[in-house]
Amino acid sequence: MKKNIILLTITFAVIFCSCSKDYNLYRSIFVQDPDNPGLPKYSEWGYNTFGAYIDRKTFTSNYYDLPAKVIVRQDTMNIIFLGEIGYKPVSMKFSFIGYSPSNYKALSILNEKSIDLKSDDCIVTITEKINDKDTTITFNILEGEFIFNKVQNLYVDNESTQSILSGYFDFKTEYKQEPISISKGRFDVGIGDDNFFNY
Amino acid sequence: MRYLLLFFSLLICTLNMHSQENSEDNKKETTKKNRFFIGIEAFTGVVESDLKENLDIRQNIEPSYYNYYSGLYTVSSMYGISIKPEYRFANNRLGIISGIKYTRSNSNIYGDPHFYFRYRTDGTDTYYAKIDRFAEHYDYIGIPVELRYFAFQYKYIALFIRIGVDFNFKVNSKIDVEFTKESMSNVKDEVLDKIDLNTNSFYSSFYHSVGLRFMKDNGFHINGEIVMPSPFITQDNFAFIDPYMYYGFKISVLMPIKKN
């Protein structure tokens with residue numbers, strides 16, 4: 001009798017422990033792309049993530065840094081992605097000459113726009129720490145494209161809040177005297193008053 | 001695997017207890033020739049579910065805040081009451097049960113502290129509403145069909161297992177939205193239009209439970225039982241969630257119907 005009671009108690013405990021579920025759908029906005037491990041899945045919700053493969057390494061947004069800023073100076077719009085490669089902080093800047101939106105709402109002109117990164121109106125740089133010093137390298141683009149797949153003006157409770165930039169980038173370049181491929185790049189970032197600068 | 005474990009442990013217990021049963025207790029039980037009972041039963045349970053993937057819900061849109069901790073959570077449950085006649089046979093070891101039952105199932109989606117729902121897209125303009133809670137509930141009237149097996153009994157206590165299936169028809173439903181800002185309630189219809197509200201008007205589930213019966217001298221039974229994780233047979237019974245199982249607790253009182 002005693003053995004039976006113990007056996008049943010253990011069985012119930014096993015069953016009920018294994019059924020409990022802490023339902024928390026989105027702990028992180030970084031939703032991993034199952035087809036491209038290490039990169040965020042492409043989205044258009046403004047999840048504030050980006051990612052790309054640099055050859056086989058991943059360059060992605062992280063949990064600590066503001067993932068994107070848009071800085072407009074004179075006739076040039078700079079989009080800066082701040083993330084990491086193998087835990088090392090790295091930023092990548094795409095400068096597009098001839099675009100000068102006055103505020104984040106004006107970013108909607110970029111909707112469905114595709115930009116050839118090899119053109120003279122584009123400059124792509126990478127900044128990383130080398131020997132404890134920030135070093136900026138300007139890429140010599142061999143070929144590539146930056147696509148604003150969707151730009152949305154977002155209204156929350158009927159108030160304009162931010163613009164969501166979602167799209168892809170892909171290019172080949174020379175880096176440290178070697179040709180490399182930056183592929184499967186995707187971004188889904190919100191740009192509002194806090195991270196849009198025009199001066 | 002869990003069910004196999006449960007099955008085998010119950011089987012072992014049953015076999016053991018059969019061998020240990022006091023013959024006097026057995027006699028006492030079998031002399032009770034009440035074959036018909038009528039009972040009232042109350043049930044409460046938890047529904048385990050996934051949020052439906054086609055809902056236009058987004059968690060957080062603040063650009064400077066990587067929303068690592070906050071999120072959405074659902075709370076879904078069922079409760080009900082039923083009146084169930086029972087017929088016992090096989091020396092009072094088996095019982096066939098049916099009757100009528102009322103069930104209310106409900107589910108709530110909460111934000112932490114709120115969540116964002118995309119209710120309108122107009123060119124490059126996208127509109128979100130901040131929402132504190134989505135709530136839905138459904139009332140059903142149904143018919144259960146159950147089989148109860150008394151695995152062993154000792155004096156006035158018996159262990160039983162019960163399996164059953166129920167067939168329920170929706171008689172009432174309500175879906176509601178709580179906006180963070182009351183002023184947004186003017187888009188309530190627009191929000192609800194974005195949700196597929198055509199839920200199934202019929203729901204059925206298979207369930208099994210293990211319980212203890214306490215019997216009084218006058219033949220009254222009081223049962224307490226644990227409903228094991230049990231699957232839903234039908235789909236689309238909720239607008240916001242896809243339930244995959246439920247479990248809970250039942251308590252019931254049975255009264256013998258004596259033949260003249």
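Only this structure's heavy atoms are used, side chains among them; waters, hydrogens and symmetry mates stay out. Numbers restart at 1 for each chain; the letters A, B, ... are given by sequence-line order, proteins then strands. Computed from a prediction, not measured in an experiment: that's the story for all the values here.
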Interatomic spacing from CZ in R118(B) to CG in L154(A) - rounded to 0.5 Å: 10.0 Å
Whether over 12 other heavy atoms sit under 6.0 Å from K69(A) NZ: no
Nearest-0.5 Å distance that lies between atom CG in N153(A) and atom OH in Y127(B): 9.0 Å
Plane angle bin for W45(A) and Y128(B) - parallel if under 30°, tilted between 30 and 60°, otherwise perpendicular: tilted
Heavy atoms from other residues, nucleotides or ligands near CD of E174(A) exceed 12 (cutoff 6.0 Å): yes
Other residues, nucleotides, ligands: >12 heavy atoms within 6.0 Å of R104(B) CZ: yes
Structural part of V189(A) lying under 4.5 Å from a heavy atom of chain B: neither
Side chain, backbone, both or neither of Y119(B) within contact of chain A (heavy atoms, under 4.5 Å): side chain
Residue D122(B) versus chain A: region with a heavy atom under 4.5 Å: neither
Electrostatic pair K181(B):E159(A) at N-O distance under 4.0 angstrom: yes
Contacts with chain B made by residues 101-120 of chain A (heavy-atom distance under 4.5 Å), listed by residue number: S108(A), N111(A)
Distance-minimising heavy-atom pair for D157(A) and K130(B): OD1-N, 2.9 Å
Within 6.0 Å of NZ in K57(A), more than 12 heavy atoms from elsewhere: no
Residue, of T121(B), V46(B), D56(B), that accumulates the most heavy atom pairs under 4.5 Å with chain A: D56(B)
Trace of the side-chain contact (heavy atoms from CB on, under 4.5 Å) decision for D125(B) with Q152(A): CA-CA 5 Å; D125(B) 293 339; Q152(A) 305 166 73; over 6 Å; no
